Amino acid sequence: MGQFSYKTEAVDPHRKILSEQLVMDLEHVAEAPLLALAKQIPGGYIHRKPFLRDAKWLFKKRLGHLALDAAAIAEHLPWYADALKCEKAKLLEHLDELAAAIGGPRAALLCVLWNNQAEQKDAALPADLLPRLLTNAKAQSSKPDAKAWKAAIAKLGGASEKEPLDSVDALDSAGKTVRRLLQELSQGKAARENEGRQIRRQHANELEAKDTEIRKAREDAGRQVQEAAKQAASLDANIVALQAKLTAEETEVARLRGELDRAREHVTKKAREIAEELLSEEIRPWLADARTLKSASEEVAKLRQLTTETVEKVRKAQRDADPFLAKEHELRQAIPQMEEMLKLLRRYLRTAGQALPEVVALEKRLTEHIEKVRYELEKRDQPSDPFLERISAKINGADARELKSIESALLLAEESGLVDSRHADLYRRDIHRRRSYMADRAFHEQKQSGPLALLERAVATGEKARLALDANNFACLRQDYLGLRLTTKKNAQGESRFLLDATARQKVVQLAEKLADDAPGLHVWVSFDGQPTALKSTNSRVRVTFSRAGAKADHDIMDLVAKDKTVEAPWFVVSDDIEVRDATAREGAYIIYNDALIQLLVNRGIRA
């Protein structure tokens, strides 16, 4: 049997769906034949439920045994068993009706079983039946309709419900079934006994292995306990020895300390005796004079302290008695407070996007008031010499160039002795105050002929010009324009200071390079505070400097403006620091505020 089965190339394209139908039909097979099939498949399945659970992937591995596996259950499924007893001609005639009743995949599986059981070549079915039956067909998990498939079997000429079975055939079939069941029971019993023996043997081996591990662990624990006891005994002995040694050392230290104290007393006594021997009659009077001088020095210190306290009391009494002097004292104390308020207002003006007119007016009025009060107070200290009064009047009406000439003349007058140094310092303060006033007035009025207009003309026409940028001041005050968010750190005085990292420094340098590329005659110096950082600069007219150790970039800019002679061109200094502005303005530099530089960059279309 099986020699006229379908060829492998005819069945292979359809093995998957045929195997799926076979797995679904296993659900309808009785337990005994199902377990008999399970024993033929590797895996040792002896129960129905696990076998059916794993049947899908089990039969995927047995696609080559499809005909044999189907034959093992065919006689236990009536739609296969009755159809296999029909004639070939009847089967071919009514095969489509049978496929409609039991399903295409079942009909195709029936054809495979038919050819597997065919004993002659003429009895085999053609191979073209499989693709015809399986086209657009799906495996069915439910039983076929009983009436439909029985009606189809009746047309094939097979047995039906109305046809009585022959009693002898029925008895023979029942006897075969009983014998097969008895054989399966005995085989199942033997399999269960073998499985039980195997399980007991496995359990015995596992128990023996665990007993061996327990014995080994006990032996290891015993050895460890013995080693721990030995180590503890050794440590106790070491502790006793160390305690004895410590006691001996303490005794020795006490003895040496006593000897040292006695030696010190002896050395002190000897030194006193030697000193007394060395002090001759000539030295002793000198020591007496030294003691007298020390006493006199202490008296002078006490007298100086009393004099200072007396002078302070007299000054306070004079202020109380003289209302003008008291008013002057109050004004001198109020000036620092007003200067702090002025600094706060100027910071608001620098950082605000659009300053209120009231703030601008208040800042201007406060500046004028401070200058007026300071001038009136310092005027009281100046002499009434007509010559010096003319100098003061000239300073109050001078421009930047005249202030420089007056400062040079004042220096020569001081060196020749015509003006006292104290009075010269007062007039220098007047010059400094005049320059600050002029710079602030130029900042607020923003005259078109001011420094910003000169720098714009130099950039636009390519004229030679030198620009010094206070980089830390510019970056910290205009973070919004540069797109920075700098971190802060408190200094020794508890004040928060911004920290410029390498990225922020590189951004400032790139902005300076863009300005230099736009102005062929402009030379730019970018000065940073702190340690040097490796920064990229592609323009030879842009130079980057860092402050010296313990110094600030402000002093580098002042020295640069005063001493640099590499390019004959006007200096423009960009900073909001009043100290930098005043110092460089004295050297003839034009002062550009940070806001003014940003205005220039925006007008030129330069972005950070």
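All values reported here derive from a predicted model rather than from experimental measurement. Index from 1, following the sequence.
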* Give the intermediate values and the outcome of side chain to side chain contact (heavy atoms under 4.5 Å, CB included) for residues His47 and Lys49. => CA-CA 6 Å; His47 296 287; Lys49 189 173 181 179; 5.7 Å; no

* Side chains of Arg218 and Ile214 in contact at under 4.5 Å (non-hydrogen atoms) -> yes

* Asked: Is a donor on one side and an acceptor on the other found under 3.5 Å between the side chain of Thr251 and the backbone of Thr247?
  -> yes

* May I ask you to test the Cys476-Leu500 pair for a side-chain heavy-atom distance under 4.5 Å? => yes

* To do: Check Ile591 against Arg581 and note the closest heavy-atom contact, atom names and distance.
  => CG2-CD, 3.2 Å

* Asked: Taking the side chain from Asn194 and the backbone from Ala190, do they hold a donor-acceptor pair closer than 3.5 Å?
  -> yes

* To do: Can you measure from OG (Ser547) to CD1 (Ile557) and round to the nearest 0.5 angstrom?
  => 10.5 Å

* Would you find a donor on one side and an acceptor on the other, under 3.5 Å apart, between the side chain of Gln506 and the backbone of Lys536? -> yes

* To do: Considering non-hydrogen atoms only, spot the tightest contact between Ser142 and Arg106 and give its length.
  => O-NH2, 2.8 Å

* Asked: Is it true that Arg255 and Glu259 have a side-chain N and a carboxylate O under 4.0 angstrom from each other?
  -> yes

* Asked: How far does CG of Asn539 sit from CG of Leu522, to the nearest 0.5 angstrom?
  -> 9.5 Å

* Checking Glu31 side chain against Arg48 main chain: does a donor-acceptor pair fall under 3.5 Å? -> no

* Gln198, CD atom: more than 12 neighbouring heavy atoms under 6.0 Å -> no

* **Ring-face cation contact, Phe572 with Arg466, 6.0 Å cut, 45° max** => no

* Close side-chain approach of Val573 and Val561, heavy atoms under 4.5 Å -> yes

* Please check if the side chain of Ser186 supplies one atom and the backbone of Gln183 the other of a donor-acceptor pair under 3.5 Å. => yes

* Structure fact -> Taking every heavy atom of Ala67 against every heavy atom of Val112, the minimum-distance pair comes out as CB-CG1, 4.1 Å

* Asked: When you measure from the side chain of Asn473 to the backbone N and O of Ser575, does any donor-acceptor pair fall under 3.5 Å?
  -> no

* Drop me the distance from Asn205's CG to Lys210's NZ, to the nearest 0.5 angstrom. => 12.5 Å

* Asked: If only atom types and distance count, is the side chain of Asp576 paired as donor or acceptor with the main-chain N or O of Tyr593 below 3.5 Å?
  -> no

* To do: Please say whether more than 12 non-hydrogen atoms of neighbouring residues, nucleotides or ligands are located less than 6.0 Å from CZ in Arg607.
  => yes

* Asked: Could you state the interatomic distance from CD (Gln479) to NZ (Lys507), rounded to the nearest 0.5 Å?
  -> 11.0 Å

* Structure fact -> Residues Ala502 and Leu535: closest non-hydrogen pair is O-CD2, 4.0 Å

* Asked: Is a side-chain donor or acceptor of Ser234 paired with a backbone partner of Lys230 at a separation under 3.5 angstrom?
  -> no

* Asked: Is any side-chain heavy atom of Asn472 less than 4.5 Å from a side-chain heavy atom of Phe528?
  -> yes

* **Salt-bridge present (Asp480, Arg478; N to O < 4.0 Å)** => yes

* Asked: Do the non-hydrogen side-chain atoms of Lys189 and Leu185 ever get within less than 4.5 Å of each other?
  -> no

* Asked: Hey, does Ile46 have a side-chain heavy atom less than 4.5 Å from the side chain of Leu35?
  -> no

* Asked: After noting the C-alpha distance and the side-chain angles of Phe51 and Lys39, does the key distance pass the side chain to side chain contact (heavy atoms under 4.5 Å, CB included) rule?
  -> CA-CA 10 Å; Phe51 177 65; Lys39 292 175 183 178; over 6 Å; no

* To do: Determine, step by step, whether Leu77 and Ile73 satisfy the side chain to side chain contact (heavy atoms under 4.5 Å, CB included) criterion, reporting the C-alpha distance in whole Å, the side-chain angles of both residues, the deciding distance to 0.1 Å, and the verdict.
  => CA-CA 7 Å; Leu77 297 174; Ile73 63 169; 4.1 Å; yes

* Under 3.5 Å, is there a donor-acceptor pair between the side chain of Gln21 and the main chain of Gln140? -> yes

* Please indicate whether Arg197 has more than 12 foreign heavy atoms, meaning atoms of other residues, nucleotides or ligands, lying under 6.0 Å from its CZ. => yes

* Under 3.5 Å donor-acceptor, His28 side chain and Ser141 backbone -> yes

* For Phe474, ring pair (Phe, Tyr, Trp, His ring centres under 6.0 Å) partners two or more places apart -> none

* To do: Return the minimal non-hydrogen interatomic distance between Ile606 and Lys514, and the atom names on each side.
  => CG2-CB, 3.8 Å

* Find out whether Trp525 and Leu469 are in side-chain contact, i.e. whether some heavy atom of one side chain is under 4.5 Å from a heavy atom of the other. => no

* Leu482 side, atom CG; Thr503 side, atom OG1 - distance, nearest 0.5 Å -> 12.5 Å

* To do: Please report the closest heavy-atom contact between Pro105 and Leu18, naming both atoms and the distance.
  => O-CD2, 3.8 Å

* Asked: How many angstroms lie between NE2 in His76 and OG1 in Thr177, if you round to the nearest 0.5 Å?
  -> 8.0 Å

* **Note, Val524 side chain near Arg543 side chain (heavy atom, < 4.5 Å)** => no

* **side chain to side chain contact (heavy atoms under 4.5 Å, CB included) between Tyr481 and Asn594, worked out** => CA-CA 11 Å; Tyr481 177 76; Asn594 291 331; over 6 Å; no

